[in-house]
Visitor: 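Mind having a look at this structure? Questions to follow.
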Amino acid sequence: MPSNKSVSNAPITQFVNCRILRDHKLQREDLWVREGRILDPEKLFFDEEGYADQRVDCEGLIIAPGFIDVQINGGYGIDFSQATSNVRGGVALVAKKILEHGVTSFLPTLVTSPPNIYHKVLTEVKVHSGGVEGAGVLGCHLEGPFISLEKKGAHPEQYLRSFQLGGMLDLIETYGTLDNVAMVTLAPELPNSEKVVRELTQRGITVSLGHSVANLSQAEEAVQHGASFITHLFNAMLPFHHRDPGIVGLLTSDQVPQDRMVFYGMIADGIHTNSAALRIAHRAHPTGLVLVTDAITAMGLPPGRHTLGQQVIEIQGLHAYVAGTKTLSGSIATMDMCVRHFKQASGCSVEEALEAASLHPAQLLGISHYKGTLDYGADAAPDR
Amino acid sequence: MKLIILNDYDQVGEWAAKYIRNKIRRFNPGPDRFFILGLPTGGTPLGCYKKLIEFYKKGEISFKYVKTFNMDEYVGIARNHPESYHSFMWNNLFKHIDIKSENTHILDGNAPNLVEECDSFEEKIKAAGGIDLFVGGIGPDGHIAFNEPGSSLLSRTRVKTLAQDTILANARFFDGDLSKVPTMALTVGVATVMDAREVMILITGVHKAFALYKAIEEGVNHMWTVSAFQQHPQTVFVCDEDATLELRVKTVKYFQGMMHVHNKLVDPLPSK
């Protein structure tokens, strides 16, 4: 049927015979898209007297909002923490590849690195929308170097830093710029951290707690100052203790401000977290769970030795270790694998599993009005 | 009047949908001759709409050359409010079939001049050539559309204040908050529906039984406005057994005896 629209002449695509994730439920509804946005068909019908230009038969498949990966260090041989001669090309390659896993937006993550790496990479990687050519970049996730020595994990010790210049000055000196930065992971027990947390929050940058030996009250204070995320829960932090649950206690803390929520990243690859621990976290605080891949350079590559930041790692099957040790160095599971494993291990519904990778990260980043959902007005990839 | 008595709600929906389907097919609409259909909202026609959608999906009917005129709409609630009759028609019929928006007509409860809106609706019906088949329901107080007891049997499309009972009954759709329930509606008049070439009324459930009795076994009375259709040359009442509970056994037996004739109106599917 030819179109007849008073608002716009752009072609309208109607996806039929599908199940869409909307209002936390999978529903048998058609999905309408025009000019890269989800369209309200009722408005189109009554206000514009318009209808679809083309119909796509989805043959009963599910349409879910694109996944958002807020912690991914690289993949397919690319390491975001390396200042290569073609940083943009590297990001673009990963961005294109992760579309196959259902990821349509991500935060290229940099592990603890020397200042020159940050200065180079942060000027090259810009926030931009995604499309057929690759997932969109929402900003970078800077995981370090303001983290705890005891919980450095695979991060190189010699580049760890503290807020010795008072806080923000340390950040500017280390990172060079905060433009195009969407998230910073830091250890809140470091002196002067409150000022940093408050300042970053005010600038709209998500503050995440991780690689830390903070106790619960230190963590709660940081949340009150603006921190809203926990980097890979359980990993690189003090274990849960019944008299001081540490950062893990944030999941059920009563000190979190009323109008806010603490989200937490989970690497649901079956390796970084025992399924029982995953279930405990999920049951304690289901709406805050955010699936992350924490994928490293080797994701998508065959077994062997590869570089991550300033270190060498080794792939053995689905495990990635710091070469010569048994310290986990990151994951090589893809986001769709994580969604499936999470659903299977937690016994949650399909809707919950999908939302943990789409709606929740969008809510965390404060962009859920146009990402992570299929609500009218939300972003939709342009038509092929 | 033809009184079609079926076993239950589902059968009523199916019979009514088949009747509409066959009527449209026999009419054989085209770009120069549209079939004009009057439509109701509410729980009663839902089953019928579901069946019509099924027939459309099977390819037995197309709404490409059908124009529709709805009976009523609330005044003052947003067009996309989940309880508006626009939303009802979109979700329960229009979005599932091949009808064009410009061929659907629903009164606009947010029009700047409500009287003009009602008059213009009557003009649009006239311009379309009048209604071929007006489908409606019946309220427990015997009203058709929002023509509540006491409405003139000669009334036309106009603004009506809703009865207190109606407002209370509707509260459950507005979070139980009486202040949110619309108090006025735009409705076609009794005479507007009487002008249609044919009228089909659907009645299901025991709570409608007394109204049905008043409508067809007692006299024409403005307190039971559906009784006006006793004076229409082509009316079909389709009901389930529960709705006949207040009728005389004689009436029921008479019309049940006619079912083998009346069923020919719905089966088989007429060829195009």
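A note on names: the letters A, B, ... follow the listed sequences, proteins ahead of strands, and every chain is numbered from 1.
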Visitor: Measure the acute angle between the ring planes of B/F121 and B/F69, then classify it against the limits of 30° and 60° as parallel, tilted or perpendicular.
Guide: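 Perpendicular: the ring planes of B/F121 and B/F69 meet at over 60°.
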Visitor: Indicate, with yes or no, if the rings of B/H96 and B/Y49 have centres closer together than 6.0 Å.
Guide: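 That pair fails the under 6.0 Å test.
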Visitor: Would you check if the side chain of B/D132 reaches a backbone N or O of B/I36 as a donor-acceptor pair within less than 3.5 Å?
Guide: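 Yes; judged by distance alone, with no hydrogens or angles, the pair exists.
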Visitor: Evaluate the criterion salt bridge (Lys or Arg N to Asp or Glu O under 4.0 Å) for residue pair B/E54 and B/K57; output intermediate values, then yes/no.
Guide: CA-CA 5 Å; B/E54 235 183 76; B/K57 291 199 167 130; over 6 Å; no
Visitor: Distance to the ring centre below 6.0 angstrom and angle to the axis at most 45 degrees; does that hold for B/K67 and B/F34?
Guide: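 Ring-cation test returns yes.
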Visitor: Identify the residues of residues 71-87 of chain B whose heavy atoms come closer than 4.5 Å to a heavy atom of chain A, ordered by number, or report 'none'.
Guide: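 Contacts with chain A: B/R79, B/N80, B/H86, B/S87.
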Visitor: Is it the case that atom CZ in B/R33 sees more than 12 heavy atoms from other parts of the structure closer than 6.0 Å?
Guide: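 More than 12 within 6.0 Å, yes.
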